[in-house]
Amino acid sequence: MTGSFITFEGIDGSGTTTQARRMFDALVKAAVPVHVTQEPSGGPVGSIIRQIIQRRIVTLGRTGSRRPSWDTMGLLFAADRLDHLECEIEPNLQDGINVISDRYLHSSIVYQSVTSAQDGAREWLALINGHARTPDLVLQLDVQPEEAHRRRMERQTMVEMYDDPELQEKLSRGYKELFESLDGVNVARIDGSLTEDEVHAACMDQLRELGLP
Ligand code: TYD
């Protein structure tokens, strides 16, 4: 039997990394086969993306250094995703191992469309990600942008590409709109402002509906 594919989504500081790891630990403890991963992935394209996000690679435009545009980022994330699926996600699922990913497809749809000023961005992003399998369960951690900002300030050593508070507000609205309009995707919205233990318990409740652990 193939494994289940579970993804965590939310704005920066919503707790996706912590909760993905906690779910992984809980499944290991319950002797359920599981693999945890993240996007950007550890593969070649993912490494480039990380360097861009951390501003360690900049491109030079006519007026000085600039960030790659939303569509360039969209293509990089989509390429990383296909590589990630091929090398890591699909082989584990085929072996019956459940896979948890800290961010996946819906990060691209939300982050890259919100940072574009173009009509039709969301449709184009869906198109270039058309070969990416749909997760069995998407856990959206919903945290107020102010709370997420406070958490980022507590932990952060380096300001990253999408760290602007105004942008994070737009991303929060972007997630809400996306998940309200999506058909055929199993999404659970979790109140991410609860304590870490409560959020973890709510995520595990959703997992049980998939028949796990
Ligand atoms: P990372 O440092 O891993 O952030 P976090 O730990 O909060 O997930 O960097 C990932 C950043 O990249 C994060 O700001 C979300 C963004 N992102 C996209 O813009 N598009 C995508 O497709 C993915 C996977 C991430």
Side-chain angles (χ1 to χ4, degrees), residues 5-24 36-57 67-85 87-89 99-117 121-122 124-135 138-143 145 147-175 178-179 182 185 192 196 199:
F5 182 32
I6 300 122
T7 64
F8 279 86
E9 291 288 351
I11 61 173
D12 292 81
S14 61
T16 58
T17 306
T18 306
Q19 292 298 334
R21 173 52 62 175
R22 285 206 55 175
M23 181 175 276
F24 171 76
V36 69
T37 185
Q38 77 292 316
E39 288 192 1
S41 79
V45 187
S47 312
I48 294 174
I49 295 173
R50 257 180 221 292
Q51 292 181 61
I52 296 173
I53 288 177
Q54 294 169 356
R55 301 166 197 266
R56 286 187 282 137
I57 302 181
R67 299 173 194 187
S69 55
W70 70 276
D71 42 3
T72 302
M73 292 307 291
L75 289 165
L76 285 170
F77 278 115
D80 180 43
R81 185 157 302 121
L82 292 186
D83 187 48
H84 190 204
L85 277 159
C87 298
E88 199 173 338
I89 299 173
V99 176
I100 301 170
S101 187
D102 171 13
R103 298 193 178 282
Y104 180 67
L105 171 65
H106 300 103
S107 285
S108 274
I109 308 283
V110 174
Y111 277 71
Q112 275 60 66
S113 72
V114 164
T115 48
S116 105
R122 209 194 259 186
W124 181 75
L125 289 159
L127 185 75
I128 63 169
N129 282 282
H131 291 186
R133 78 151 55 214
T134 305
V138 181
L139 293 158
Q140 184 214 347
L141 304 185
D142 192 25
V143 175
E147 169 62 12
H149 179 69
R150 196 187 56 71
R151 293 184 191 171
R152 290 201 305 284
M153 290 303 102
E154 265 177 15
R155 71 160 195 225
Q156 201 125 57
T157 47
M158 190 192 302
V159 175
E160 294 189 345
M161 187 166 165
Y162 300 112
D163 260 346
D164 174 52
E166 244 176 70
L167 172 62
Q168 291 289 327
E169 290 233 1
K170 290 188 191 153
L171 292 168
S172 174
R173 285 199 295 275
Y175 268 116
L178 175 70
F179 288 136
L182 270 189
V185 183
E196 195 183 303
V199 175

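Read the numbers this way: they start at 1 and go in the same order the structure lists the ligands and their atoms. These numbers come from the heavy atoms of this one structure, side chains and all, not from hydrogens, waters or symmetry mates.
The heavy-atom pair separating Ile49 from Pro40 by the smallest distance is CG2-CG, 3.8 Å. Across all non-hydrogen atoms, the minimal contact from Met73 to Met161 is CG-CE, 3.9 Å. Taking both residues in full, the closest heavy atoms of Val143 and Ser172 are given as O-OG, 4.5 Å, listed atom of the first, atom of the second, then distance.
Here Thr17 pairs with Asp102 under the side-chain contact (heavy atoms from CB on, under 4.5 Å) rule; sequence neighbours left out. With sequence neighbours excluded, the residues forming a side-chain contact (heavy atoms from CB on, under 4.5 Å) with Asp142 are Gln140, Arg189, listed by chain and number.
Distance check, rounded to the nearest 0.5 Å: OG1 of Thr16 to CD1 of Ile100 gives 12.0 Å. Of the inter-residue distances, the one linking Trp124 atom CH2 with Ile109 atom CD1 reads 10.5 Å to the nearest 0.5 angstrom.
Contact annotation: for Arg50 versus ligand 1, heavy atoms closer than 4.0 Å belong to the side chain alone. At a heavy-atom distance under 4.0 Å, only side-chain atoms of Ile53, from C-beta outward, approach ligand 1. Here Met161 has no heavy atoms under 4.0 Å from ligand 1, in either its backbone or its side chain. Counting heavy atoms under 4.0 Å from ligand 1, residue Met73 does not touch it at all.
The shortest N/O to N/O separation between Asp102 and ligand 1 does not fall below 3.5 Å. Considering backbone and side-chain atoms alike, Tyr111 places every N or O at 3.5 Å or more from each N or O of ligand 1. Close N/O approach between Tyr104 and ligand 1 is not found [any backbone or side-chain N/O within under 3.5 Å]. Where the criterion is an N or O separation shorter than 3.5 Å, residue side chain and backbone included, Thr16 fails it with respect to ligand 1.
Looking at atom 17 (N) of ligand 1, its nearest protein heavy atom turns out to be Phe77 CZ, 3.4 Å. Scanning all protein heavy atoms for the shortest distance to atom 4 (O) of ligand 1 gives Asp12 OD2, 3.9 Å. Of the protein's heavy atoms, Ser108 OG, 2.6 Å lies nearest to atom 22 (O) of ligand 1. Among protein heavy atoms, atom 8 (O) of ligand 1 sits closest to Arg103 NE, 2.6 Å. The protein heavy-atom contact nearest to atom 2 (O) of ligand 1 is Glu160 OE1, 3.1 Å.
Tested against Asp12 for a side-chain hydrogen bond (donor to acceptor under 3.5 Å, both in side chains), the candidates Arg151, Gln168, Arg152 yield a single pass: Gln168.
The distance from ligand 1 to the heavy atoms of Thr17 drops below 4.0 Å at these ligand atoms: 6 (O). Against a heavy-atom cut-off of under 4.0 Å, Gln112 is close to the following atoms of ligand 1: 18 (C), 19 (O), 20 (N), 21 (C), 22 (O). Per-residue contacts place Ser107 under 4.0 angstrom from the following atoms of ligand 1 (heavy atoms of the residue considered): 20 (N), 21 (C), 22 (O), 23 (C), 24 (C), 25 (C). Interface of Glu39 with ligand 1, defined as ligand atoms under 4.0 Å from a residue heavy atom, comprises 24 (C). The atoms of ligand 1 that sit less than 4.0 Å from any heavy atom of Pro40 are 10 (C).
No hydrogens or angles considered: a donor-acceptor pair under 3.5 Å links the side chains of Glu39 and His84. Looking at Asn129 and Tyr104, their side chains never bring a donor and an acceptor atom within 3.5 Å of each other.
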For this session: Quick one: do Ile6 and Leu139 satisfy side-chain contact (heavy atoms from CB on, under 4.5 Å)? Show the steps, please.
Result: CA-CA 8 Å; Ile6 300 122; Leu139 293 158; 3.8 Å; yes

